[in-house]
Amino acid sequence: MDCTLRESYDVVVVGAGFGGTAAAHHTARHGLSTLVIERAENIGEKIISGLTIPIYGFLFGPGFIRDGTPPIERPVDGIINYIVTDIDREEIVIDDTLRFPKPFAPIFSFGYNAYCADFCQWQADEAVRVGAEVVTKTVVSDLIIEGGSVRGVVLEDGRNIAAKIVINAEGSQGLLSVKAGIRKKYPPRVISLADTYDYTMKKGDVDRIFGHSIRFLWAWDEQNMAPPLGYGNGLMVWPYGESLHFMQDQCLAMDDGTVQNLKKRFETYHKNVVEKLPWWRDDVEAKAELRAHTWQCFEIFVGLDDELRAMPLSTGGMLLVGDAGGLESTELCDGVPAAWFSAEIAGRVAREAIEAGDVSEDFLSRYDREIRNHPIIAWSITAPHRYLLRNAQQDHDLGSLRKYVHAGWGFGALAHTVSPLFRVFLSAIRQDPRVLTSWVRMFFRNYRHWHHSYSDDVSSCGDEVIRPGDRSVGEYIFIFLMWWSDLVLTVFWPVLWTMSYLFVPFAFLMKAIAGFMVWLYEPLYVRLLGRLDTSAVGMTEALIRFTVKARAATFGAKKRREP
Amino acid sequence: MRTTDTFPGVRWVGEPELFIRIDPKKCTGCGGCLKVCLAGCFEIVEKTARVRSLEWCMECSACWYVCPQDAVEFSWPKGGSGFHTRFG
């Protein structure tokens, strides 16, 4: 435990995960004295499941992540869903409609896979770089509460650290939230246990078998291949850099309160997948070597319960971020974007409260309102597809099951994500017209870093010193296009700003329009995918070659990435 | 430091103190904590659950969530101790 800690800070952040470090980065960057307290010895090593971070987190989340070079493991270009109806006869239905087309995939991706420890350490380093202090191996055991408001934290050795605002990013358990009286312990039917196996596998084998796609597995209960749908998320396999991440998750209790024998269930599922699922049995089993087995609880249906959703996210002197506020994404089984969005909002609200000299419950309740009005958070924690999956499964209704898998993790997902995504897109444009070119640079930069980290045929790793004149003609054209685009966007920003407001009603309508028209454009898209996948091979390779060989600074890399 | 073949990729640091406790007055012996614990931390003795060993506990808190009587008292192990992994 660090003895150099001061007695008081403007902001104390509990937990150095995805949300805590992002909130700390915001407050420290704006000049507030910020302390992050982490219970683990090393950042991120108590986090067990980060998995795929959807691209909307990078696009609309904290700027330092979008503009930085975080340690991603592998870009994700789509999801392949396997629905097992009879494993003994190998009757498996496949839905792989949700894929990004070549020649852009995998450079432009749906998201990135990441190991939590590396990613959170990178975020913590960035927070420290802008002035935050991070202390590890320290447990916050209690809160200082005066007059109903949180005034600081109590460390396990009894020391008090005063804070104007405590940002609580302690994770799902929310022990401090419960102590502060903000919310109650969640019931076991909304909590899922993620049982995770991590395998090493040669990159060539990962590329050949999985490419850049995630694989999901859904099955009838009696198949014993995956946990009951809706009460978990079946089975998921994520290809990482040179490894596979295999996760099965299951709610602790069913609707009737029956507690599951998880050890027995998970062992059965894992054994059956390894021995019966054709692509695992034939392609993966001999090439994968088990490296780690871990598990962790996380909230999964909190947003679907009226009472739980109504629980406050703040009180006087304290804000709840990410999992601590029950903001895990029910729809996409990934809470990292929600943690990032809520962290940014929490950081800003904390700053406004401190500047106004008012950290009261009333002032901080604006945080609750902003979170509940955030288009993506509101959509992601309340979308009901997992719940509907369970109903379809209980009825053994394959048609409905395919429909809801398709709507949640197939092409149909685009229909109901388009409105919230368009709304935050308009908001982002309003704030900074150059964000468009930042996104383009981000895609190229992240892909380049990933490739340099894991490719066998590229010995260089990192962002070399820039030497003018070494760039190719293509790089100069790219830089010119970005510069020209930024200029045009900046000049026309007042027009963009005005139009963004005019488009707001249209954003609300897009869900309905896209949902109605999906039957028309999905077949066209799927046909296009088939054509592009074969005809765009040359273009894809050229794009990858350009991306990998270009100077890092061409894509806006600002600092050297640590090896 | 302790390691195990059963849960590879994880190391346990420090002595396993009792950061999880069961209040015998509240416990009804339903066995929910045994069912959800993947590390075998609990046992039933005389119709009451009790902590057998937290040696392989992954601090998932499933026992705390699942107890209908709130008999499980859950806190975090002292700073830096408990399980460590880099593959989450």
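Since the model is a prediction, treat every value here as computed from it, not as a measurement. Within every chain, numbering begins at 1; the chains are lettered A, B, ... in the order of the sequence lines, protein sequences first and strands thereafter.
Contacts between B:Pro68 and chain A at a heavy-atom distance below 4.5 Å are absent for every atom of the residue. With a 4.5 angstrom heavy-atom cutoff, A:Ser172 touches chain B via backbone and side-chain atoms both. Contacts of B:Thr85 with chain A are made by both backbone and side-chain atoms, with heavy-atom separations under 4.5 Å. Looking at A:Phe266, the atoms closer than 4.5 Å to chain B (heavy atoms on both sides) all sit in the side chain, from C-beta outward. Neither the backbone nor the side chain of B:Cys30 comes within contact range of chain A; no heavy atom of the residue lies under 4.5 Å from a heavy atom of that chain.
Shortest non-hydrogen contact noted between B:Trp76 and A:Leu175 is NE1-CD1, 3.5 Å. The two residues B:Pro8 and A:Leu290 come nearest to each other via the heavy atoms CG-CD2, 3.9 Å. Nearest heavy atom pair, residue A:Glu156 against residue B:Gly79, reads OE2-N, 3.1 Å.
The most heavy-atom pairs under 4.5 Å with chain B, out of A:Leu262, A:Val140, A:Asp195, A:Asn42, come from A:Leu262. When each of B:Gly32, B:Ser81, B:Ala62 is scored by its heavy-atom pairs under 4.5 Å with chain A, the top score falls to B:Ala62. In terms of non-hydrogen atom pairs under 4.5 Å with chain A, the most contact-rich of B:Cys67, B:Cys37, B:Gly40, B:Ala39 is B:Ala39. With chain A as the partner, the residue from B:Val66, B:Asp70, B:Leu38 showing the most heavy-atom pairs under 4.5 Å is B:Leu38.
Side-chain atoms of A:Gln173 come within 3.5 Å of backbone N or O of B:Cys60 as a donor-acceptor pair.
Heavy-atom neighbours of A:Glu289 CD from other residues, nucleotides or ligands within 6.0 Å: at or below the threshold of 12.
Two residues are said to be in side-chain contact when any heavy atoms from C-beta on lie closer than 4.5 Å; B:Thr6 and A:His293 fail this criterion. For the pair B:Phe87/A:Thr294, no side-chain contact is recorded, criterion being any heavy-atom separation below 4.5 Å from C-beta on. Counting heavy atoms from C-beta on, the side chains of A:Leu193 and B:Val36 never come closer than 4.5 Å. Counting only heavy atoms from C-beta outward, the side chains of B:His84 and A:Lys46 approach each other to under 4.5 Å.
Atom-to-atom distance recorded for B:Lys78:NZ and A:Thr138:OG1 is 13.0 Å, nearest 0.5 angstrom. The distance from the CG atom of A:Leu252 to the NZ atom of B:Lys35 is 12.0 Å, given to the nearest 0.5 Å. Remark: A:Glu41 CD to B:Arg11 CZ distance equals 6.0 Å, nearest 0.5 Å.
The cationic group of A:Lys185 does not satisfy the cation-pi geometry with B:Tyr65, failing either the under 6.0 Å distance to the six-membered ring centre or the 45° limit from the ring axis.
Between B:Phe83 and A:Trp295, the ring center distance fails the sub-6.0 Å criterion.
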